[in-house]
2 protein chains.
Amino acid sequence: MTERGYGQFCPVAMATEVLGARWNILIIRELLCGSSRFNELRKGVPRMSPALLSKRLGELERFGIIVREMDETSGSPTYRLTEAGEELRDIVMSMGVWGQRWLESQLSLKNLDPSLLMWDMRRNLNPSPLPDHRVTIQFLYPELSRGQKKWWLIVDKHASEPVDLCKIDPGHEVDLYVATDLKTMTAIWMGIITVADATRRGTLRLSGPHSLTTCMSAWMGLSPFAQETKQVRESV
Amino acid sequence: MTERGYGQFCPVAMATEVLGARWNILIIRELLCGSSRFNELRKGVPRMSPALLSKRLGELERFGIIVREMDETSGSPTYRLTEAGEELRDIVMSMGVWGQRWLESQLSLKNLDPSLLMWDMRRNLNPSPLPDHRVTIQFLYPELSRGQKKWWLIVDKHASEPVDLCKIDPGHEVDLYVATDLKTMTAIWMGIITVADATRRGTLRLSGPHSLTTCMSAWMGLSPFAQETKQVRESV
DNA sequence: CAGTATCCGATGCGATACTG
DNA sequence: CAGTATCGCATCGGATACTG
């Protein structure tokens, strides 16, 4: 990529100069999903170095796609999409739908990452089917390394942040245990298999009260693209 | 870009691995516009080396976005979009619309290129307002170098290819002369100014029969994004 | 016409460490 | 928490020439 531009006046080419730069679409995706602070964004693009993220944020601001503002209360910087950036929502979503429909799910299932998965689940979890009191759910991935093995989702409808994610034991009594492997959990999240499938095969085990286990597919929000039906590739 | 992937299972990330690779969106744009042969594609991405184009076509084929087939009659290879590729049309068009709405037109007008412009005009010219007989239109860009100065568009409704583009004098009598500068002509094509504007300012001069000059904005198709209204950037 | 082959330079970007 | 600073390599891709 010895120089960035395409030397074309075509608006598609102009847009591609911005949107085609590595990482940019994913940064915009994070902002569209509601992240706004630097270290929040980092969680969504963990393989990106902070230096590069900072650089890209600057570029996106110069292009008028995001603005950097100081948060009144916390005093820390905040990024949000401008109107121009917000108008990218349909494009980014369409790309996701297209990816889900046409790219091999096998490929996705090679890019497993528990942090990203749990972070996504935190974001999309739906508290409403859950009881009114605080609920603690522990996820266990036995095959993973020490630091990645255990995760806690704490749901409290009445808290300021209804869903919280921890990697260290919050100390609460656990209401529901979910034991599975990362590939299974990711496949469920992506809509490739269901909770029922995995339970039947024995790759997912739930232990806790019936009131929590039976409605798992209700409170566990899936990926926004989960319901997109997979298409079969055209064979030559 | 030390490695290509993002390491994320998210469908947006998967799609971005394919669509974000340099040039790919522009190649797809060309295919969507109807190009199908290698050297036809090259005209749409002149700054791309043939080696790289070839490589990218191979990748796109492996991803199931295009297929390479042999043309029965000519015996030469042909590329066309698969169903998966065709489903990218809305995304690519949306990117163009977004680019036209939000990116500085000044930027576009720094990426002038007469070959791309004339090639685009050839593609979008609308023969129907023109007379039934063959019409030859000569474009003259006095400021350009010898090889880029003169262009001929030959329109013949009854020919197999209704619109032809030449860089060398086809020898026909010219019906309409268009003299202008490249920036003006590009701005007209992009919908930034109109033929009438440019004529009034004297940056575009037409000489030929009234029947051809008055309906120029009718036969000269504009960019597919020309009617998108420009938006003003959010000021901080 | 439709590509390959080869070469080499620029730079994007990843890794790590550090600071206010 | 929110970034900067620095370094060095891998690789992307541009240029040119060549081939069936």
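Below, chains carry the letters A, B, ... as their sequence lines are ordered, and counting in each starts from 1. Quick caveat, the model's predicted, so the values are computed rather than measured.
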Open item on the list: Any heavy-atom pair between the side chains of A/M70 and A/T78 that's under 4.5 Å?
Closed with: no
Between CD of B/E59 and P of D/dT11 the distance, given in whole Å, is 14 Å
Exercise for review: Please tell me if the side chains of B/S94 and A/D90 come closer than 4.5 Å, counting only heavy atoms from C-beta onward.
Suggested key: no
Check your understanding: Can you find a pair of side-chain heavy atoms, one from B/I91 and one from A/M95, that are under 4.5 Å apart?
Key -> yes
When rounded to whole Å, the CD1 to P distance for the pair B/I27 and D/dG13 reads 10 Å
In whole angstroms, the gap separating C1' of D/dG13 from CG of B/L26 amounts to 15 Å
Here the helical stems involving DNA chain D, each at least 3 consecutive Watson-Crick or G-U pairs closer than 3.5 Å, sorted by first residue number, are C:1-20 with D:1-20
| Less than 6.0 Å separating the ring centroids of A/F63 and B/W102? | no
Notebook entry, point to check: Between B/W152 and B/F139, is the gap from one ring center to the other below 6.0 Å?
Noted result: no
Separation of D/dG14 atom C1' from B/L53 atom CG, nearest Å, is 14 Å
(message) Parallel, tilted or perpendicular, judged at 30° and 60°: which one describes the rings of B/Y79 and B/F38?
(response) tilted
Practice problem: Give a yes or no on whether a salt bridge exists between B/E59 and B/R56, defined as a side-chain N under 4.0 angstrom from a carboxylate O. | Solution: yes
*Is B/E86 paired with B/R89 through a side-chain N to carboxylate O contact shorter than 4.0 Å?*
yes
Worksheet item: When you check the phosphate oxygens OP1 and OP2 of D/dA15, does a side-chain N or O of B/R47 lie under 4.0 Å from one of them?
Response: no
Practice task
Output yes when at least one side-chain N/O atom of A/R56 is less than 4.0 Å from OP1 or OP2 of C/dG12, else no.
Solution key: no
(Q) Using a 3.5 Å distance criterion without hydrogens, assess whether the side chain of B/R37 forms a donor-acceptor pair with backbone atoms of B/P77. (A) no
Could you go over nucleotides 1-4 of chain C and give all protein N or O partners under 3.5 Å, atom names and distances?
{"residue": "C/dC1", "atom": "OP2", "partner": "B/N39", "partner atom": "ND2", "Å": "3.4"}
{"residue": "C/dC1", "atom": "O3'", "partner": "B/R37", "partner atom": "NH2", "Å": "3.1"}
{"residue": "C/dA2", "atom": "OP1", "partner": "B/R37", "partner atom": "NE", "Å": "2.7"}
{"residue": "C/dA2", "atom": "OP1", "partner": "B/R37", "partner atom": "NH2", "Å": "2.7"}
{"residue": "C/dG3", "atom": "OP1", "partner": "B/R68", "partner atom": "NH1", "Å": "2.4"}
{"residue": "C/dG3", "atom": "OP1", "partner": "B/Y79", "partner atom": "OH", "Å": "3.2"}
{"residue": "C/dG3", "atom": "OP2", "partner": "B/Y79", "partner atom": "OH", "Å": "3.0"}
{"residue": "C/dT4", "atom": "OP2", "partner": "B/S54", "partner atom": "OG", "Å": "2.4"}

Taken to the nearest whole Å, CG/B/L52 to P/C/dC7 is 18 Å
Here the distance between atom P of D/dG13 and atom CZ of A/R22, to the nearest Å, is 11 Å
